[in-house]
Amino acid sequence: MAHTRIGDLLKNGTVGTLISLQGWVRTKREGKGVGFLEVNDGSCLASIQVVVDLESLGDALRQVATGAAVQVAGCLVTSQGKGQRVEVQAQTLTLVGPADAETYPLQKKRHSFEFLREIAHLRPRTNSFGAVFRVRNACAMAIHEFFQERGFLWVHTPLITTSDCEGAGERFQVTSLNLTQPGLPSTLDFAADFFGRPAYLTVSGQLEAEIMALAFTNVYTFGPTFRAENSNTSRHLAEFWMVEPEMAFCDLEGDADLAEAFLKHIFRAVLERCPEDMAFFQERISDRVLANAQTIIEQPFARITYTEAIAILEQSDRSFAFPVQWGMDLQSEHERFLAEVHFQRPVVVMDYPAGIKAFYMRLNDGDDPQRQTVRAMDILAPGIGEIVGGSQREERLEILEQRLESVGLHPADYWWYLDLRRFGSVPHAGFGLGFERLVQFMTGMGNIRDVIPFPRYPQNAEF
RNA sequence: UCCUCAGUAGCUCAGUGGUAGAGCGUCCGACUGUUAAUCGGAUGGUCGCUGGUUCGAGCCCAGCCUGGGGAGCCA
């Protein structure tokens, strides 16, 4: 008999039919004449109740404990008990893989996320992580859907790179040299290394995405990114996934428009496709999850310039640890005030001072030289902070060369990037979205390490 | 990396100088179409590590390790 996924049985299963299912036992309750198993196969949040007659299947049931893998065949019947529409009256119960109840770490109780992080190989079998990873999947699909519907090409930018997306943080070095040899690293000869020069794991696919955008008009990347920063926070990972759309013939306003439509689409899609999981987050993780999603979907994002943001902060009666001053980078406390207190919804902040942003961002025309700004755009989200960072790129060759020089970079190292400005240059723009931060934002999960199956962060790469 | 809080049973925690505790889990029993089942019993400890103070340290002191929260960096 073909096996049916539990989500299918609970939703569409016809009472009276014979079915077969496979999954892992969440709990077992045993009485005198009858026993109950709750079996989950990850297809949905709910487990299905399997009713086991002890006279016929008692021996088999005794082998089964929490955590065991089982296969059950039987009749789908209307539940006599409360709490579920249907249940399975077992005719056969097969133990596929036993689990020792004494040593199986997951108990029939609530566990802390800190503890579950230590058993990342088992935590996907919990309600919380089941919901997280189903929502994560739905987010990823919604992202592809959004771009594909709009004619964006999914492009694959390299993970190993020799270029540096300036300002994006510390890089992991990639080498085939034998670093355990004595005498290293003073004798390191990169000419003898695999690529003949130092190479790194990518910190951003943006520069290569620009190449592709200037051929395909609208493209996006969606893949892993690596930062060797010694960051120990609830919103940083050493390995994370990033989405980076890049659009030719597009300015900063178009960029912000796309980012807003993009976030709205993802929230709408996930709410529609994972209602049980989202209700679970609302109930168990944060009671603001659903209201937050509604705000994202229904309300237009606030949109201000950096200069206006500074004015709002200066006029607020808050006293900030970091004094507010034009030219400074916005601190966490400032971002939180803007998104959580002042606007209470996502805020797009545009036109940052040139001095605090990367070389490739387009200089605004007609600025006071003392207050030169660039066409940068950050989206600040309540509870998360910066979720999107983007800009219109500098498309003018001479100005880009000057910017490189002024920040101490060598234009020769960026010859191909500059070539894009020599041959058919057009205004273009894009942004980067931290995928895990999006999932955090969506689910209300407090720590980014709990929205990726196997988190990498300083001193941690166990699983 | 900095600031701060914490580390005691499988898990969540109480215990602030004098015999190591509770709830949950697990096991056994009872009971029951149960569903965070219920009731009774049992099981369970290098009190993070190292050193120090003291007649005596889970508790006080120092260093280290690990984890949480916040900050910086950023997505």
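Letters A, B, ... are given to chains in the order of the sequence lines, protein chains preceding strands, and every chain is numbered from 1. As a basis for the values below, the full set of heavy atoms in this structure was taken, side chains included, without hydrogen atoms, waters or symmetry mates.
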### Query
Relative to the 5' end of RNA chain B, which residue comes earlier, A:Gln107 or A:Pro458, by the nucleotide with the nearest heavy atom?
A:Gln107
### Message
If you take any heavy atom closer than 4.0 Å to RNA chain B, which residues from residues 49-75 of chain A end up in contact?
### Response
A:Gln49, A:Val51
### Task
Please work out which residues in residues 16-28 of chain A have a non-hydrogen atom less than 4.0 Å from an atom of RNA chain B and list them by number.
none
Determine the contact category for [X]: base if any of its heavy atoms lies under 4.0 Å from a base atom, sugar-phosphate if only primed atoms, P, OP1 or OP2 are that close, otherwise nothing.
X: A:Gly432; answer: sugar-phosphate
X: A:Glu244; answer: nothing
X: A:Thr103; answer: nothing
X: A:Asn447; answer: sugar-phosphate
X: A:Ile387; answer: sugar-phosphate
X: A:Phe240; answer: base
X: A:Gln440; answer: nothing
X: A:His111; answer: sugar-phosphate
X: A:Glu386; answer: sugar-phosphate
X: A:Arg117; answer: sugar-phosphate
X: A:Lys32; answer: base

### Query
Hey, does the Lys NZ or Arg CZ of A:Arg456 hover above the aromatic six-ring of A:Phe454, less than 6.0 Å from the centre and inside 45° of the axis?
no
### Task
Using the ring of A:Tyr457 (Phe, Tyr or Trp, six-membered ring only), decide whether A:Arg449 places NZ or CZ under 6.0 Å from its centre and within 45 degrees of its axis.
yes
Under a 3.5 Å threshold, yes or no: a donor from one side chain and an acceptor from the other, between [X] and [Y]?
X: A:Asn218; Y: A:Arg150; result: no
X: A:Arg26; Y: A:Asn127; result: yes
X: A:Ser79; Y: A:Glu87; result: yes

Donor/acceptor link under 3.5 angstrom from [X] side chain onto base of [N]:
X: A:Ser231; N: B:C74; result: no
X: A:Glu114; N: B:G68; result: no
X: A:Gln80; N: B:G33; result: yes

Could you work out the separation of [N] and [M] based on their [atom1] atoms and round it to a whole Å?
N: B:G23; M: B:U38; atom1: C1'; answer: 16 Å
N: B:C2; M: B:C61; atom1: C1'; answer: 24 Å
N: B:C5; M: B:A9; atom1: C1'; answer: 23 Å

### Query
Does B:G67 pair with anything, Watson-Crick or G-U wobble, both distances under 3.5 Å, and if so, with which nucleotide?
B:C5
### Message
Applying the Watson-Crick and G-U wobble criteria at under 3.5 Å, what pairs with B:A30? Answer none if nothing qualifies.
### Response
B:U38
Produce the list of close N/O pairs, under 3.5 Å, pairing protein atoms with atoms of nucleotides 39-50 of chain B; give distances to one decimal.
none

#### Entry: side chain to side chain donor-acceptor pair (under 3.5 Å) partner of A:His428, chosen from A:Gln392, A:Glu210, A:Arg362, A:Arg393
A:Glu210
### Query
With under 30° as parallel and over 60° as perpendicular, where do the rings of A:Phe115 and A:His111 fit, or are they tilted in between?
tilted
